[in-house]
Amino acid sequence: MWRPTRPVVHWAVGVLVTALVLGLGVPQLYGWWQRREARCAEGVERRGPDEECVGAADGVTDPDFAFAGHLKDIQRKIGDENREVMEKEKNYVTIAYMTSLTVEKDDSNSRDAIRRQLQGAYLAQIRANRRDLSGSPKIRLLVANTGSGAEHWRYTVDRLIALSRAERREERVLAVTGLGPSTTENMEAMRRLSEEGIAMVASTMSATNLTDIAGLVRVAPTNRDEARAASAYLKKRGYEDAVIVEDEAKKNLYARTLAEEFRKVFPDKEHTLPEENAVYDASQPDSWEGELRWIVQNLCGEEPDVVYFAGRGKHLMSFINKLANRKCQQRDFTVMTGDDTTNLTTDQLREAAEKGVDVYYTGLAHPDMWEKDRTAVSRPSAAFFQEGGWMSKQFPGERRDDAQAMMAHDAVLTAITAVRMTSLDGSVLSGKAVARRFRQLRGRDQGVEGASGFLSFRNNGDPIDRAVPVLKLGPNGHFALDDVLRGDTR
């Protein structure tokens, strides 16, 4: 006859004792156990039909919790650092990194991209707490999830707002970094944070219509910067006739503004664009791929020198596949696109490289930018991301050329810099005070020495004279740095 093992007996006794202490009968005990199992972490709740864990966690109270399985290692590292700060330091502040951490097939960010963003945010925290940028106050870093497609941004933002009013100064959220891709949901989230006077630093947002939101700066080149850099690069290499392929989905601010900005700068006496863009609508799941197929058929007849693709990286893959199967195989095609290409996985890029289409894109950053333009990038910061650097040793096997970790690092580092400026001048530490310091980050000497560039900001929150890398897809599925241009290039 089966007899329960000692650990099982101990577990059962523990459950019964808990039930007695709580005064629970069997039905109540069952309900209590279900609620316990459904719990995510302190400050984090299950929301929506997919029961996503959304909210903000510091990794200290619940060290084994992660928003997704592939994030366990990096969230544990952040939690360990937070615990070290909270237990040993009297002077520390709280900053959050917020984005969609539970991504589904409709998200533009990939799982790999958001994991690397947290790795970059962690590096900024480590540098500020106990490496080359060690100083005071120390940094406690919250990890905040808005859910797939930022569907649950309201809950997460409300949670961060509540924490910004915490009784203990150390636990008040002074700044929110990251903020996700350029979508209407994330824009609404930023406006809500702005109303509460919380400082914000966007890591990868590039849409040009995300300006003049009080308290917001962004470290990524804007789509205006990217379009100017792309236009200058193409003209320098003799491309004369272009066609814009645009995703006209209403919520895709990135695609809309990328197309608008390229149309402003490319046409002149020697360079032409058709009067109207070739459009598809990625918000229509049953038809957008068919629309891309017809666009490719038309391109065979138009024979442009280059196609400027204003759409998300995952749609670019479909477009390249259709170009590879075009009827006009005798025609060569060159595609130039924007920074969302960084969200493609290594396997997807290898597949794209096999299609026989030349692909270029204007990126957010690249570890080798310093080699091309030593005035554009901080060498000490860039070194952390180069081959053999701290990041590749800490996270072996991760890509470093997609800029995701670099941009998250620079966003958190910008917030830390403004926090310490506020602390040094004796001002009361608040979100509004931190946001005001962003305006003092001007020029190379007063800017943030980021891995992606020397970062300074206009009053509207846009970066000034941002370095923009132009990259070319190679046969191995990796993008090689081809040139570095400035965002103010005409």
Side-chain angles (χ1 to χ4, degrees), residues 93 95 120 124 127-128 132-133 135-137 139 174-179 190 193-194 197-226 228-229 261 364-365 369-370 373-382 403 406-469 484-490:
V93 296
I95 293 171
R127 290 184 71 189
D132 59 318
L133 300 179
S136 184
I139 305 301
L174 296 178
V176 177
T177 61
L179 302 168
M190 291 189 301
L193 290 167
S194 176
I198 298 174
M200 294 170 284
V201 189
S203 56
T204 62
M205 285 184 177
S206 59
T208 48
N209 58 351
L210 299 176
T211 57
D212 293 318
I213 297 176
L216 170 70
V217 295
R218 42 200 181 141
V219 297
T222 67
N223 281 350
R224 182 178 295 111
D225 298 333
E226 291 193 40
R228 287 173 174 172
E261 295 300 333
L364 301 173
M369 285 168 63
W370 184 82
D373 185 350
R374 300 193 176 193
T375 67
V377 178
S378 165
R379 170 63 170 165
S381 290
M406 297 176 73
M407 301 312 299
H409 165 273
D410 285 4
V412 175
L413 187 60
T414 298
I416 292 170
T417 302
V419 165
R420 288 182 171 172
M421 289 171 65
T422 308
S423 180
L424 280 173
D425 66 19
S427 299
V428 174
L429 275 172
S430 68
K432 287 184 178 180
V434 170
R436 284 196 294 271
R437 296 303 172 272
F438 292 148
R439 298 191 176 196
Q440 275 74 59
L441 296 172
R442 289 288 178 92
R444 178 166 177 159
D445 293 335
Q446 298 298 324
V448 178
E449 296 186 8
S452 66
F454 291 97
L455 302 168
S456 58
F457 307 96
R458 296 184 173 87
N459 289 341
N460 69 359
D462 287 349
I464 297 173
D465 195 25
R466 180 65 161 73
V468 180
V484 176
L485 298 166
R486 294 306 180 97
D488 289 341
T489 299
R490 296 297 192 273

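The shortest distance between side-chain heavy atoms of Thr177 and Ile95 falls below 4.5 Å. Taking 4.5 Å as the limit, some side-chain heavy atom of Leu216 sits within range of a side-chain heavy atom of Leu179. Contact of the Val468 side chain with the Val484 side chain is not registered, since no non-hydrogen atoms from C-beta on lie closer than 4.5 Å. A 4.5 Å side-chain heavy-atom check between Arg420 and Pro137 finds at least one atom pair inside the cut-off. Using a 4.5 Å cut-off on side-chain heavy atoms (C-beta onward), Met406 and Leu364 make no contact.
Closest heavy-atom contact between Leu174 and Ile198: O-CG2, 3.9 Å. Here the shortest heavy-atom pairing between Ser381 and Ala451 reads CB-N, 3.5 Å. Between Gly178 and Ala411, the shortest heavy-atom contact is N-CB, 4.5 Å. Closest approach of Ala403 and Ala365 over heavy atoms only: CB-O, 3.4 Å. Of all heavy-atom pairs between Pro469 and Ala467, the closest is CD-O, 3.9 Å. In this structure, Val377 and Gly450 approach most closely via the heavy-atom pair CG1-O, 4.0 Å.
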Quiz item: Arg127 and Ile416: side chain to side chain contact (heavy atoms under 4.5 Å, CB included), yes or no, with the steps?
Solution: CA-CA 10 Å; Arg127 290 184 71 189; Ile416 292 170; over 6 Å; no
Practice problem: Could you walk me through whether Glu261 and Thr222 pass the side chain to side chain contact (heavy atoms under 4.5 Å, CB included) test, one step at a time? | Solution: CA-CA 10 Å; Glu261 295 300 333; Thr222 67; over 6 Å; no
Practice problem: Begin with the C-alpha distance, continue with both residues' side-chain angles, and end with the deciding distance and a verdict on side chain to side chain contact (heavy atoms under 4.5 Å, CB included) for Leu455 and Leu413. | Solution: CA-CA 10 Å; Leu455 302 168; Leu413 187 60; over 6 Å; no
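Taking CD of Gln440 as the start and CD of Gln446 as the end, the distance is 9.0 Å to the nearest 0.5 Å. One finds the OG1 atom of Thr417 at 7.5 Å from the CG atom of Leu133 (value rounded to the nearest 0.5 Å). If you take CE on Met200 and CG on Leu210, they are separated by 10.5 Å, rounding to the nearest 0.5 Å.
Considering Val448, Val217, Asn459 as possible partners of Phe438, the one that fulfils the side-chain contact (heavy atoms from CB on, under 4.5 Å) test is Val217.
Atom CZ of Arg442 is surrounded by more than 12 heavy atoms from other residues, nucleotides or ligands within 6.0 Å.
Contacts classified as salt bridge (Lys or Arg N to Asp or Glu O under 4.0 Å) and involving residues 422-433 (residues at least two apart or in different chains) are given here: Asp425-Arg437.
Formation of a donor-acceptor pair under 3.5 Å by the Ser194 side chain with backbone atoms of Ala214 is found in this model. Side-chain N or O atoms of Asp410 include one that pairs as donor or acceptor with a backbone N or O of Ser452 at under 3.5 Å. Checking side-chain atoms of Ser423 against main-chain N and O of Val419 turns up no donor-acceptor pair under 3.5 Å. Checked by atom type and distance alone, the side chain of Arg458 pairs as donor or acceptor with a backbone atom of Pro463 at under 3.5 Å. Although no hydrogens or angles enter the test, the distance criterion places no donor-acceptor pair under 3.5 Å between the side chain of Arg466 and the main chain of Asp225.
Partners of Thr211 according to the side-chain contact (heavy atoms from CB on, under 4.5 Å) rule, which considers only residues two or more places apart in sequence or in another chain, are Arg218, Asn460, Asp462.
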